[in-house]
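Per chain, numbering begins at 1; letters A, B, ... match sequence-line order. Fair warning: this is a prediction, and the values are worked out from it, not measured in the lab.
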Amino acid sequence: MLQLAYIRENRETVLAGLAKRHFANADATIDQVLTLDQQRRDTQRDLDDTLAQSNAKAKEIGALMKAGQQAEANAAKAETAALKSRSKELEESLKSVEQQLQSVLVTIPNVPHSSVPEGRAAEDNEVVLEHGEKPTLYDGAQPHWELIKKYGPDGGPLIDFELGVKITGAGFPVYKGKAARIQRAMINFFLDEAMKAGYVEVQPPIVVNEESGFGTGQLPDKEGQMYFINEEKLYMIPTAEVPITNLYRDVIVPEGQLPIKNTGYTPCFRREAGSWGAHVRGLNRLHQFDKVELVRIEKPENSYAALEEMSLHVQSLLQKLELPYRVLRLCGGDMGFTSALTYDMEVWSAAQQRWLEVSSVSNFETYQANRLKLRTKDSSGKMQLLHTLNGSALALPRILASILENNQTAEGIRVPSVLVPYCGFDRID
RNA sequence: GGAGAGAUGCCUGAGUGGCCGAAAGGAACAGUUUGCUAAACUGUCGUACUGGCAACGGUACCGAGGGUUCGAAUCCCUCUCUCUCCGCCA
């Protein structure tokens, strides 16, 4: 959530930023915020004054009673009724103004970084770089959803979608044999690489409460996209970003402990309501998938350097996996609600002849920290909101799809050599 | 799931209606002393909102939300969480 003081002092910057996102009615919304903010402050001051008078009266009454001047005390008591009803009124209008203000504020997305390109949709994203050679496949090459039928244990598929439908539903595949093992290998490889890069591994809960959903911005923006356990009022996480970042909710981090670098593996759950169009076959889009996530908490002045570092880390993983990839700088219209700058990493899927998004690395600046009340005390003793960042490193299914497709030969599928020590085989056949 | 106890500032912990934004100790920070370390002494030591150029004020917060009262950390109600015991169980 944007800081009120920031909106107040940088109205034009905020408006320009929202324009880049093609946020509708930005002018009216910001004006509404500013009006409500002024109302809130006026009411606050009236209320404080009234309460100050009440406090003075109460003190007076106390003194009178101590002095044994009962009659005077009773007279003074009579005067408090008006103050009391006045403060009650003001309290109610303050509460209502604050609620209105809050409800508008949560609908305003983050202000994009100056480097974010203009644009409405995915086609307008900027290709920052492309790396690696797209492989030329042999004649009998197939997309991964066909390939998986060929190499499973006991003549069955490597990844069984129908079995998933039976026990759960569409989008919940069952990985078997070498598919299960290569997934486990990737998780370990990714976590080890993160550890080498200085990230501390955490194993968070994979269901979270409403406060956590709000803290990182999934609520109220993406309410319908998360699975919800009604009995306990808990949400199943769409990404490890949610529990890991919320570890630092309401925390004042000592300056010396910064930056904080965490990594964690979790399954992720997404309802993907309304997004089952074309191109969602096989592993391309699932309701449950595995992901290793990076989360960083940085001083504001370091956050963009940290973002570049995370981008390079993700790229190094893709290089080690020998996958052709490209890096996109998302345009204003395609960026997530809470992000100020996002890089998407996409791998080439040779049989589908498409790029598949496997990582998204973002700097949220203070947008999440403001909701989380995640701060540090700077050297002058002042409280300061920190910057939060996160990135996938990496999401598994599409990496697997790309490995299957790009590395297929008539004799089977070659396993990238970095994974061989982790999974114990070098070929799926 | 049943019974009991509790929730106070960075930590320990006092406080059962006004003198309490809150004792005391510890930690931390700054300074004095000191050959160094330690010790000792002195001082600082919550957050949010708000007024003011500032100095300095106002208000709120003692798990959360209500209530009683002129006045609540303190009394009442509801909820949440923690701990102990019992049951069940990976």
Among U59(B), C70(B), U50(B), the nucleotide that comes nearest once only the side chain of Leu51(A) is considered: U59(B)
Short side-chain N/O contact from Asn55(A) to OP1 or OP2 of U59(B), under 4.0 Å: yes
Any Lys84(A) side-chain nitrogen or oxygen under 4.0 Å from OP1 or OP2 of G71(B): yes
Toward the 5' end of RNA chain B, by each residue's nearest nucleotide, Lys57(A) or Ile252(A): Ile252(A)
Phosphate-side-chain proximity, Arg375(A) and A48(B), N/O vs OP1/OP2 below 4.0 Å: yes
Integer-rounded Å distance: G57(B) P and Asp49(A) CG: 17 Å
Sugar-phosphate only, base, or nothing, as touched by Lys233(A) at under 4.0 Å among non-hydrogen atoms: nothing
Phosphate OP1/OP2 of C49(B) contacted by Arg45(A) side-chain N/O (<4.0 Å): no
Sugar-phosphate only, base, or nothing, as touched by Lys373(A) at under 4.0 Å among non-hydrogen atoms: nothing
Which nucleotide in C70(B), U59(B), G46(B) has an atom nearest any side-chain atom of Lys377(A): G46(B)
Value in whole Å for how far the P atom of G71(B) lies from NZ of Lys88(A): 9 Å
Nucleotide nearest Met65(A) when distance is taken to its side chain, options U50(B), C70(B), U59(B): C70(B)
